[in-house]
Amino acid sequence: TWIPYKGQITNASLSERDRSLYTIRAVPFTDVRSIRRYTRTLGWQYIIVVLSSGLAFPSLYFYNGGVKEFLATIKQHVFIVRSLEDANVFLVNDFQNPFQRTLSSLELPVSIASRPSASVSDGGEYSSYKLQGRIDGSIHEDIPRPSQNHGRQKHKSHDPARDLTIQVLEKFSLVTKFARDTSSQLFRESNSNGYGAIERKSSSHSPCDIPHEASMDAKVALGEDPVPSDPLEFNKMTLVWGKPRQPPLGSEEWEIFLDSEGRIIDSKALKKRIFYGGVEHSTCKEVWPLLLGYHAYDSTYAEREYLKSTKKSEYETVKQQWQSISTEQAKRFTKFRERKGRIDKDVVRTDRTLSFYEGDDNANVNILRDILLTYSFYNFDLGYCQGMSDLLSPILFVMEDESEAFWCFVALMARLGPNFNRDQNGMHSQLFALSKLVELLDSPLHNYFKQNDCLNYFFCFRWVLIQFKREFEYKKTMRLWEVLWTHYLSEHLHLYVCVAILKRYRNKIMGEHMDFDTLLKFTNELSGHIDLDSILRDAEALCICAGENGAACIPPGTPPSLPIENENALLYTQEEEEVL
């Protein structure tokens, strides 16, 4: 919190009450890249401080006002200037950007994710994804066919995309330490950022409250460093808590969950059934809109049909907005030209190996483009970011209707939209929560990451950003999404999936002494080699084991939590305020 004091006040003058409520720690201005101000129509103003490393501190709320006074105080000590791209972003000491210049000299095909003031030519509104999505150089590679996943020897053949991956990783390794040093310090000092209560909750016991220090005498081998044992005895835990997967929900069984008018009789039972088995493709078209929140569970057949009709008309109205832009208008509409150009490039590279999208002049590819362009007008503040086409593709594949696919996508983006915010606060909060979950559920692995400057968890970035879309084959990805959308055990089950994958490979990670760059390459190459059913059982067991302590590790509002505001699509407001 910001406590406004008048005059020259030192920490020694703080009251005991303030000291008990707030942890005060100095943050050098040299470490600060920018300050973003958020002004809500309802609720308190808050700011987010973004570090030069790209990481961001949690939201700092101004319960009694004072944002302008805070910024005015900052101006007394450092040079701050509004971003030309966003009036709510204040750049700190932005005389030049040496980090950006360093990357440019390396000719990396990426853009710094933390740069809120990215130039128009860099595509500022999606610059966050340029680094996030292209670290592995393969965010738009074709999905490997099942036959491609048997054995890694096929990598020996010439693969231009993979060559680019290796080239990017090799060059990226030259600058990662710059970001790691600051970000690791941030995570090491996370107890002082307002989430110290996580550790204090350890007094409330859960099944995983067992000693973390285990004897490793049996693990010691001549000439080898022992790998710390898993404190949870992971394999045994999965047998106890992880339930076997069931067959997917079929059309006949689906009818059992409906009353005569089409209402869901027991939504909790339905979510549980889908959590353990998923949904057959023939039934997805009816079930997905419910899981995503587009249709209400207590809606009738007639109500859903009526909503479909009214929403189709609304969709056409929004679509007409960009379709009516003439060539002459487009010449003077830079934002539209840029968004359309990026969408045109991305859709032709999205899931083209599937029969639904393959071939030249594919009508479904055109629909994919139209939906994304319409969404960029529907949610103009967020617009379009690379990776959205990956999230939309399965929805259109299932719904097979342009309007219905659009509104299901809108519902999904209400949950995942913060993943694509330029300030990256949504991603940072999830990676922070992931680090705390690993610390809770596997302290030796957490300590290994800490010792090797891996606490930023950027090697899990792609998993979180597009919900494991590139880690599994297409149909298995849809099955995983159905499980995640139920929110049956937790709305943040995807973080437990991340922990489960890391724990499955913990011995390899620690045994081979992987540093950050090796770990990044390793996690990217896991694509197509992860057994979904086993990982889901592991994630379920971890979630149950963590209990309340696990929930305490996740800051409130962490995506994909549904936003409190009614306007789900708008991630922040751009209110015009006087210049300081």
Side-chain angles (χ1 to χ4, degrees), residues 55 58 180 183-191 193 195-199 201-202 206-214 227-235 237-238 241-242 427-465 468 471 489-490 492-516 518-520 522-523 526 530 535-555 558-559:
L55 288 173
R180 290 203 304 271
S183 58
S184 296
Q185 179 184 0
L186 173 63
F187 277 100
R188 282 196 297 270
E189 298 174 354
S190 58
N191 286 345
N193 68 2
Y195 295 115
I198 293 170
E199 282 71 18
K201 290 206 66 164
S202 60
S206 72
C208 60
D209 289 331
I210 62 176
H212 282 219
E213 298 297 331
V227 174
S229 59
D230 187 341
L232 294 180
E233 297 188 59
F234 193 44
N235 293 326
M237 182 188 68
T238 301
W241 283 310
M427 286 301 302
H428 291 315
S429 63
Q430 291 173 88
L431 294 179
F432 172 80
L434 176 58
S435 72
K436 303 306 293 184
L437 286 175
V438 173
E439 183 178 15
L440 173 70
L441 295 165
D442 196 335
S443 61
L445 182 60
H446 173 81
N447 291 334
Y448 175 84
F449 289 150
K450 182 177 181 179
Q451 294 165 6
N452 289 271
D453 293 329
C454 296
L455 282 183
N456 52 35
Y457 282 78
F458 284 163
F459 48 86
C460 299
F461 210 110
R462 185 177 72 178
W463 298 353
V464 175
L465 186 73
F468 307 94
E471 317 317 316
L489 288 181
S490 168
H492 300 103
L493 186 71
H494 68 297
L495 298 179
Y496 290 97
V497 173
C498 292
V499 178
I501 296 174
L502 293 175
K503 288 178 71 67
R504 278 291 164 187
Y505 294 96
R506 67 188 303 278
N507 290 341
K508 184 176 181 65
I509 291 171
M510 292 190 284
E512 296 184 8
H513 305 287
M514 293 185 184
D515 59 12
F516 175 84
T518 307
L519 185 56
L520 176 64
F522 172 72
T523 54
L526 285 177
I530 304 172
I535 288 299
L536 285 176
R537 290 188 65 181
D538 295 347
E540 178 192 1
L542 288 168
C543 186
I544 295 174
C545 172
E548 292 184 359
N549 289 337
C553 291
I554 304 172
T558 298

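- Side-chain rings of Phe459 and Tyr457 approach one another, their centers coming within less than 6.0 Å.
- Counting only heavy atoms from C-beta outward, the side chains of Ile509 and Phe449 approach each other to under 4.5 Å.
- Two residues are said to be in side-chain contact when any heavy atoms from C-beta on lie closer than 4.5 Å; Lys508 and Phe522 meet this criterion.
- Residues that satisfy the ring pair (Phe, Tyr, Trp, His ring centres under 6.0 Å) test with Tyr448, not counting sequence neighbours, are absent from this structure.
- Note on Lys450 versus Glu439: no salt bridge recorded, every NZ/NE/NH1/NH2 to OD/OE distance being 4.0 Å or above.
- Nearest approach of Leu495 to Leu434, heavy atoms of both residues: O-CD1, 3.7 Å.
- Checked by atom type and distance alone, the side chain of His492 never pairs as donor or acceptor with a backbone atom of Ile554 at under 3.5 Å.
- Residues Leu437 and Cys498 are not in side-chain contact: their nearest non-hydrogen atoms beyond the backbone lie 4.5 Å or more apart.
- A salt bridge between Asp538 and Arg504 is present, with a side-chain N of the basic residue lying under 4.0 Å from a carboxylate O of the acidic one.
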Run Leu526 and Tyr505 through side chain to side chain contact (heavy atoms under 4.5 Å, CB included) and show every step you take. CA-CA 10 Å; Leu526 285 177; Tyr505 294 96; 3.6 Å; yes
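- By the 4.5 Å heavy-atom criterion applied to side chains, Tyr496 and Leu489 are not counted as neighbours.
- For the atom pair NE2 of His446 and CG of Leu441, the computed distance is 12.0 Å after rounding to the nearest 0.5 Å.
- The shortest side-chain heavy-atom distance between Leu465 and Met427 falls under the 4.5 Å cut-off.
- Side-chain contact between Cys460 and Gln430 is absent, with no heavy-atom pair separated by less than 4.5 Å.
- Taking each heavy atom of Ala539 and Leu493 in turn, the nearest pair found is O-CD1, 4.2 Å.
- Looking only at side-chain heavy atoms (C-beta outward), Phe468 and Ile535 stay at 4.5 Å or farther from each other.
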Step by step, work out the side chain to side chain contact (heavy atoms under 4.5 Å, CB included) result for Lys503 and Leu542. CA-CA 10 Å; Lys503 288 178 71 67; Leu542 288 168; 3.9 Å; yes
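- Asp442 places no side-chain N or O within donor-acceptor distance of the main-chain N or O of Val438, the cut-off being under 3.5 Å.
- Under the 3.5 Å distance criterion, the side-chain polar atoms of Asn456 are matched with a main-chain donor or acceptor of Phe458.
- Taking CD of Glu471 as the reference point, atom OG1 of Thr523 lies at 8.0 Å (rounded to 0.5 Å).
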Please walk me through it: do Leu502 and Trp463 pass side chain to side chain contact (heavy atoms under 4.5 Å, CB included)? CA-CA 12 Å; Leu502 293 175; Trp463 298 353; 4.1 Å; yes
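- Contact between Pro559 and Ser429 at its shortest, heavy atoms only, is CD-OG, 3.6 Å.
- Annotation: the span from Leu520 atom CG to Met514 atom CE amounts to 11.5 Å, rounded to 0.5 Å.
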